[in-house]
Structure formats: structure tokens, C-alpha cells
Amino acid sequence: MTKNLYIHTIGCQMNVYDAEQMAGGLMPLGYQLVSSPEMADLILVNTCAIREKAEQKVFSFLGRLAKLKKKKPGLIIGVGGCVAQQEGKKILERVPYIDVVFGTHAVGRLPKIIQQIESDRGRIIDIEMSDEIQEREFAMTSQHEGKVTSFVTIIQGCDNYCTYCVVPYVRGREMSRSPENIIQEIRQLVKAGVREVTLLGQNVNSYGKKEGLCSFSELLSQVNDIEGLLRIRFTTSHPKDLSEELIHAFRRLDKLCKHIHLPVQSGSNRVLKRMNRKYTRELYLEKVEKLRDVCPDIAITSDMIVGFPGETRADFEDTLNLIRTVEYDSLFAFKYSDRPNASAARFSDKLSEQEKKERLQILLDLQKHFTIKKNEDLVGKTEEILVDGLSKRQTSSESRQISLNPESDIQWAGRTSANKIVNFIQGNDCRSNDKILTGQLIRVRIDKALSHSLWGEPVKLEPLGSEGEKSYAA
Ligand code: SAH
Ligand code: SF4
Ligand code: F3S
């Protein structure tokens, strides 16, 4: 009998990957994915605890499920992910209609847990963590169908204990998967049509170190050799562990995309020290310089925290100056928020919400200028993009800016190697060729830069994919 499964995922790419694993594991029990919670027999909420706001989102979503459970008492509701790991039993106490709470190390055990609930309707909590990697059976699901890009977790957990961060507590110790398992999984994905993989870890740079496996750069070389795969990305890279070998991989490996997410968090040495980041502003800038020496057109993005406890106006100015020096392609910036267990929560010199809000706005205003500048620099250039598929509808103001005819123009979207979204238009005749254009590398001349995307025109509608691939006739 088929049963319907709905998964609601909040949080980082690792949660997206875990959700795929949950769906794959539950398939043999007869569960198929559906797109709305109303249709579901089993609802899983995959949670994130990184900031207070993310945690609030979890409880507001759970609140909305009360009505569904009333209507359909047989509905099973499970909470997984980082809040589940952190709060455990408290979630069962706080939300009476939750059937199961499963932690970040329990994803592989989920099918057994659900089976048990189906048979005895009890409530289960499983937040046990282990010190050894638990390889899960990899299964393709409907989530993989037609997908051009995919995530693959290569290292779990984190041992860095940045003082603001909850991750080491909710994801456990750093543990790397074997290169064999990773390569095998990517091969399966490629067979199913995936053309680009993003290798995931809280700090991919420490891949394999503890276990004495190969280095991260060596793993990248192995992935680079996979036939049919066109592109490789990775995230996240801790600046303290960014090796020369890895920097040179950007020149050495043809499939490695020219983009690095290198979170700096602050431009002040005093704050970096209190954050326990283990690098200085100078060391960070040195690495940025080396990256640009090796790969001049590499895109660099980062994460920033504003209003860390004790951050003075001068510290904040240091951060703004660092942004001006690096000229990031884009930035994710967050207001500091206390997290349970994270030691900065016990620091005394907290900033007011108002101050944090103001600093965040100043930082975002500054960065906006660089994001637009970087996009504008590409106008007139020809870029290679990997076509993701038909693009999401543009806002009406964007449509006006590029004089779209919504009746006849088909909009496509792809990404450059530097991870910038490029939309382009092909006439109606292309719609039937959807499958053929999707997943292909094509050359596009960039005509227009908007704040979050670019518009371009295909130079020649001919795929640049690996040899032997079907060619596409426009
Ligand atoms: N492992 C990654 C970060 C993962 S968390 C790294 O080390 O770069 C993603 C981002 O959330 C962090 O880079 C940081 O900018 C932000 N973040 C983490 N904890 C936070 C907190 N307590 N308050 C505000 N932002 C936080
Ligand atoms: Fe958190 Fe630091 Fe680990 Fe990143 S490296 S997950 S910020 S503790
Ligand atoms: Fe959130 Fe957990 Fe990822 S806390 S950012 S889902 S590792």
C-alpha cells in the first residue's frame, strides 16, 4: 500500500541532503513523497537550530499541524534535525501531538522507528549520537528525478567550537565518509542525470584527517574523474584550514567551479579571537589574495555576524573595511543571537537588538554596492552556464526591465561557474526541448545585470558537455 510522506525542511543544505535520505529510507515501507502536508500520512519536520529565528520557525510550523492531526488522527508527525537533537524530550512535552523526535544521527534508524509507530502507535524519542560514521543505504527517490544539481554530505559534525555556534552540539563530532562511498553515490546520481554536485560539510577542509583517509583535495581529484559529471562545488571551507593544495585545485581541476564560500564572520582580530575562529584578519586576506592569484576570476562569498558580544564601533568598522578590501561577490549577514550551549551566550557585554539591527543594515547597504558591481562587471562577457531548467517567473518590474513578452518568451535559468544565476529567453519552440537543454552547458553573452541575477543570450545553442554527448539542434 502506498502512503504519503511530506517533508518540511528548514536550515542548511545538509538538512536538504538528510531529507533526501529520509525519503529514500522510507520508500521500502511504501512511502512516496507528496507536495502538501494535507495529503500526508506521515509528516516529517526537518529542523534547524542555528539562530533563534530558525528555531522559532520550527514551532510555528508545528503549531500549524495541530489542525491536521485533529482531522486525521492516524497522521504520524515526526520532528528531526538540529532542534530535535537539541531539545529532545522537551518537544514531546511541549507539543502533545508529535509522535516521534529523532536526532541528527538517527536518520538511518528512521525506517525502523516509523515501522514501530505504525504498529503500536506509541511515542518515540531517539537522539542517540555515535562516534562512528553511520553509512546509510543510498536510494534514489522522486526528489532526484530531473535534477541537474545535487548535494552530497562528505563530512558530518564539527569539532571547531566557534563560541557562537550550536552545530558541534547538535551534529556531534567530525566524521568523514569513505571516498569509495562518496564516489559510488555520485556515480549513481550522475547515472540519474545529475550534472553538478556540491560536496557538503561544516568544514570540508578537514575531510579525512581524523580517519587518515585521503585529503579533501585528493577527494576532489577523484570526483573530477567521474565521467558524465560536469561540475563540482563544495561548502563550507573554514579559512584556517584552507590549504595551498586546495587553493591550487581551482587551477588544476577542470570541473571545479570558480567559487568559494569562505566565511570570515568578522573583520576584527579582537572579535575573531573571542569567536574562537583561530585565524586573523591578515591571514584571511592572505588566503584571499592567493586564491585570486591562482584563479583571477574566482567568486568569493562569505558569512558575517554583526553585533557579537563586545563588538565595538571600531570592531564593526574593521568588518566594513574588510568587505571593502575583499569586494565579495555576495554575503550572508546575520545578527548575533545566543544559542544554548554555545559559550558566547555567557559573555556579558551583549549589544542591544536596535544596535545589531542598525549595524546589519549598514553592512547590507555596503555589500549591495559590491554585489551589483560584480554583476555589472560581467555585462558584455560570455559565460558558460549549466542550464537548470525553466526559470521561475520574474517579478513584473524585472520583466519590464528586460522587455519580456510573457506570452511567447520561455525563460530558462542556469548558473555560471561563479554561481551567478543567468536567465535567458528562447522562443516557444524550445519548450518541447526542455529535457534536452536542461543539464547542458551552454555559452551565454551577458546583456544585463540585475541585483540578484543576470540576463543573457545564448551565443550558440550547442552544448559544451563532455565528448560523446548528444548534441542539441536549436
Ligand atoms: N560551518 C560553517 C558555518 C555554518 S552556520 C562555517 O564555519 O563557516 C552558517 C552561518 O550561520 C555561520 O557562518 C554564521 O555566520 C551564522 N551563525 C552561526 N551561529 C550564529 C549565531 N549564534 N548568531 C548569528 N549567526 C550565527
Ligand atoms: Fe559552527 Fe564554527 Fe563549526 Fe562552522 S566551524 S559549524 S561556525 S563551530
Ligand atoms: Fe541549521 Fe543544523 Fe544546518 S543548526 S544550519 S540545520 S547543521
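Both ligands and their constituent atoms are indexed starting at 1 by order of listing.
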Original post:
Any Lys/Arg nitrogen of Glu355 or Arg359 sitting under 4.0 Å from an Asp/Glu carboxylate oxygen of the other?
Top reply: yes
Subject >> Proximal atoms of ligand 2 relative to Cys158 (non-hydrogen, under 4.0 Å) >> reply: 3 (Fe), 5 (S), 6 (S), 8 (S)
Subject >> Contact check: Cys82 to atom 2 (Fe) of ligand 3, N/O/S below 2.8 Å >> reply: yes
**OP:** Check whether any heavy atom of Ile305 sits under 4.0 Å from an atom of ligand 1.
**Re:** yes
Original post:
Which pairs pass side chain to side chain donor-acceptor pair (under 3.5 Å) with one or both residues in residues 340-349, sequence neighbours excluded?
Top reply: Arg274-Asp349
Original post:
How close does the nearest protein non-hydrogen atom get to atom 6 (S) of ligand 3, and which residue and atom is it?
Top reply: Asn15 ND2, 3.3 Å
**OP:** Would you please determine whether Gln265 falls within less than 4.0 Å of ligand 2 on a heavy-atom basis?
**Re:** no
Original post:
Does Tyr161 approach ligand 2 within less than 4.0 angstrom via side chain, backbone, both or neither, non-hydrogen atoms only?
Top reply: backbone
Original post:
Who's the nearest protein heavy-atom neighbour of atom 4 (S) of ligand 3, and how far?
Top reply: Ala49 N, 3.2 Å
**OP:** Run the numbers for me: atoms of ligand 3, each under 4.0 Å from some heavy atom of Gln202, listed by number.
**Re:** 7 (S)
Original post:
Looking only at non-hydrogen atoms, which of His261, Met14, Arg277, Gln265 approaches atom 7 (O) of ligand 1 most closely?
Top reply: Arg277
Subject >> Heavy atom of the protein closest to atom 1 (Fe) of ligand 3 (residue, atom name, distance) >> reply: Cys48 SG, 2.3 Å
